[in-house]
Amino acid sequence: MTDVTVAVVGPGAIGATFAAVARRAGVRELTLCGRTPVERITVRADRGEPVVLEDGVRTEPGGVRGPVDWVLLAVKAHQTPGAGEWLRALTGPDTVVAVLQNGVEHHERVAPFVDGAAVLPAVVWCPAEPLDRETVRLRGEPALTVPDRPEGRALADLLRPGGARVDPAPDFRTALWRKLTMNAVAGLQVLTGRRAGMYRRPDMRRLTVELARECIAVATAEGANLAPSVAEDIAAELAAMPPDLGSSILFDRAAGRVLEWDARNGVVQRFGARHGVPTPVSDVLVPLLAAASDDPN
Ligand SMILES: NC(=O)c1ccc[n+]([C@@H]2O[C@H](COP(=O)([O-])OP(=O)(O)OC[C@H]3O[C@@H](n4cnc5c(N)ncnc54)[C@H](OP(=O)(O)O)[C@@H]3O)[C@@H](O)[C@H]2O)c1
């Protein structure tokens, strides 16, 4: 048993995955904080035993006891303001909020809700698919990259005993933008409605490389250290993925939910404009994603 209190805000695919890790790591208190009541969640890994989280999802921030030592925030980026009441209830000056989200703007997004608590951005690498509200399929090892600073190393100490890989990275900015590039490309899956098998098509591979190149140009302007050839590496990695592998933005599209388009694709266009870097593929993709997500008609 580790004498640590942990709250997971957003117990969906990634939140439940890391709640299961925290449970296996033997944290003293684990609280699941959501907006839909669920009695138990099972995380079913393709390799290894399933973990059943029996405690149930709490839905009333007013009834929770804070502050906790760690908040693992795993709502979608655009859902962060909606989770603000949870964050205010659970954080104090000694809390660390690990932000398990895609995108590159973790700190700006979360800091307004945590009143001085430390915000630790994390890159999430493990594909996890919500099969239904009570079941998550985890298709790889739970894995995070975090900044190599005291809070990042403390998160590694907390979660490694539960079976997660947590890598503190000295050049975290580069890791963040490499993942963002992969996420931006996954926006193409929303338009095709296809899983990763589509990246094996030569035409999709060319489009992937074009989009990845513009993301890398923006990333470079932001100070990341990504060679242009990383675009071809990413296209090859995506083509080598299991053809039935999905993406959280594709799952949201299939379910008719609001998409995380601004944090994953809009950001390339916004930061490109800031630096004078052309983003022609994003200029087409972003309005299509936004309309698919947000248009009420
Ligand atoms: N899934 C993956 O494979 C994967 C991999 C890498 C990174 N990521 C990133 O990880 C983050 C989380 O993604 P996900 O796939 O885990 O999303 P998800 O399955 O949709 O889970 C989001 C969870 O947050 C809850 N939620 C929404 N609004 C809330 C609020 N106001 N208060 C409390 N809980 C709230 C949702 O509840 P409801 O059930 O009521 O909607 C759901 O339980 C995203 O940034 C995503 O891009 C995902």
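Note that ligands are numbered from 1 as they come in the structure, with each ligand's atoms numbered from 1 the same way.
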Counting only pairs under 3.5 Å, give me each side-chain donor-acceptor contact of residues 182-193, with atom names and distances, residues two or more places apart or in other chains.
| from | atom 1 | to | atom 2 | distance (Å) |
| --- | --- | --- | --- | --- |
| Gln189 | OE1 | Tyr199 | OH | 2.8 |
| Gln189 | NE2 | Arg194 | O | 3.0 |
| Thr192 | OG1 | Leu188 | O | 3.4 |
| Thr192 | OG1 | Gln189 | O | 3.3 |
| Thr192 | OG1 | Arg194 | N | 3.2 |

Within-4.5 Å side-chain heavy-atom neighbours: Ser247 and Arg264: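 Touching, per the 4.5 Å side-chain cut-off.
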
Protein residues that have a heavy atom under 4.0 Å from any atom of ligand 1, sorted by chain and number: Gly10, Pro11, Gly12, Ala13, Ile14, Cys33, Gly34, Arg35, Thr36, Ala74, Val75, Lys76, Gln79, Gly82, Ala83, Trp86, Leu100, Gln101, Asn102, Val124, Cys126, Pro127, Ala128, Arg133, Lys179, Ser248, Glu260, Arg264

Residues that Phe271 engages under ring pair (Phe, Tyr, Trp, His ring centres under 6.0 Å), provided they are two or more places apart: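 For Phe271 the ring pair (Phe, Tyr, Trp, His ring centres under 6.0 Å) partners, ignoring immediate neighbours, are Trp177.
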
With a 3.5 Å cut-off and sequence neighbours excluded, list the donor-acceptor pairs that the side chains of residues 64-71 form with protein atoms.
| from | atom 1 | to | atom 2 | distance (Å) |
| --- | --- | --- | --- | --- |
| Asp69 | OD2 | Thr5 | N | 2.9 |
| Asp69 | OD2 | Thr5 | OG1 | 3.2 |

Carboxylate-amine/guanidinium proximity below 4.0 Å for Asp203 and Arg205: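 The answer is no: the pair does not qualify as a salt bridge.
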
Presence of salt bridge, Arg24 and Glu49, under 4.0 angstrom: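 Answer for the salt bridge query: no.
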
